[in-house]
Amino acid sequence: ELDRGGPLSPYICIICMEILNYLLCKEAREQKSGIGIKLGPGTATISYLMFADVCLLFCRTNSNSFSVLKNTLDKFAIHLTD
């Protein structure tokens, strides 16, 4: 079990969020995934925004996009439990 509040816990959190970043960006690059938003033509896709204790995830409002997002979060959860 992780030592919550221990000296390494901030670093472990950063490593975990890097895994989530990788998985979300990978899905956002897929054309049909529906993950992420663009603020304008020719701009980069934003798939999430992270703050101190909140993570906002962006996707289209259809069942396929929700399914892709759920599967991505399931993959993330599996990486955390390995």
Side-chain angles (χ1 to χ4, degrees):
E1 181 175 325
L2 294 175
D3 179 20
R4 296 176 194 268
L8 293 179
S9 60
Y11 301 107
I12 293 170
C13 181
I14 290 169
I15 291 169
C16 291
M17 291 301 104
E18 283 298 317
I19 294 170
L20 181 60
N21 171 48
Y22 171 78
L23 293 171
L24 288 171
C25 288
K26 180 180 169 192
E27 287 299 333
R29 285 190 297 270
E30 297 293 324
Q31 290 243 333
K32 302 286 182 177
S33 73
I35 302 296
I37 59 170
K38 285 187 171 248
L39 299 179
T43 61
T45 301
I46 300 171
S47 54
Y48 67 91
L49 293 175
M50 286 189 195
F51 299 98
D53 59 352
V54 174
C55 181
L56 301 173
L57 305 173
F58 301 106
C59 73
R60 294 188 183 274
T61 55
N62 59 47
S63 60
N64 180 55
S65 298
F66 291 140
S67 178
V68 171
L69 183 58
K70 182 191 178 308
N71 291 338
T72 303
L73 293 174
D74 287 343
K75 286 179 198 174
F76 175 62
I78 289 169
H79 284 296
L80 292 180
T81 58
D82 283 347

Side chains of residues 63-70: which donor-acceptor partners sit under 3.5 Å, not counting sequence neighbours?
{"residue": "Asn64", "atom": "ND2", "partner": "Lys32", "partner atom": "O", "Å": "3.3"}
{"residue": "Ser65", "atom": "OG", "partner": "Ser33", "partner atom": "O", "Å": "3.4"}
{"residue": "Ser65", "atom": "OG", "partner": "Asn62", "partner atom": "OD1", "Å": "2.9"}
{"residue": "Lys70", "atom": "NZ", "partner": "Asp74", "partner atom": "OD2", "Å": "2.7"}

Please output the side-chain donor-acceptor pairs of residues 35-52 that fall under 3.5 Å, not counting sequence neighbours, one pair per line with the distance.
{"residue": "Lys38", "atom": "NZ", "partner": "Thr43", "partner atom": "O", "Å": "2.8"}
{"residue": "Thr43", "atom": "OG1", "partner": "Leu39", "partner atom": "N", "Å": "3.4"}
{"residue": "Thr43", "atom": "OG1", "partner": "Gly40", "partner atom": "N", "Å": "3.2"}
{"residue": "Thr43", "atom": "OG1", "partner": "Gly40", "partner atom": "O", "Å": "2.6"}
{"residue": "Tyr48", "atom": "OH", "partner": "Asn21", "partner atom": "OD1", "Å": "2.5"}

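Taking 4.5 Å as the limit, some side-chain heavy atom of Leu57 sits within range of a side-chain heavy atom of Leu73.
Among pairs with a residue in residues 12-31, those fulfilling salt bridge (Lys or Arg N to Asp or Glu O under 4.0 Å) read Glu27-Lys75, at least two apart in sequence or across chains.
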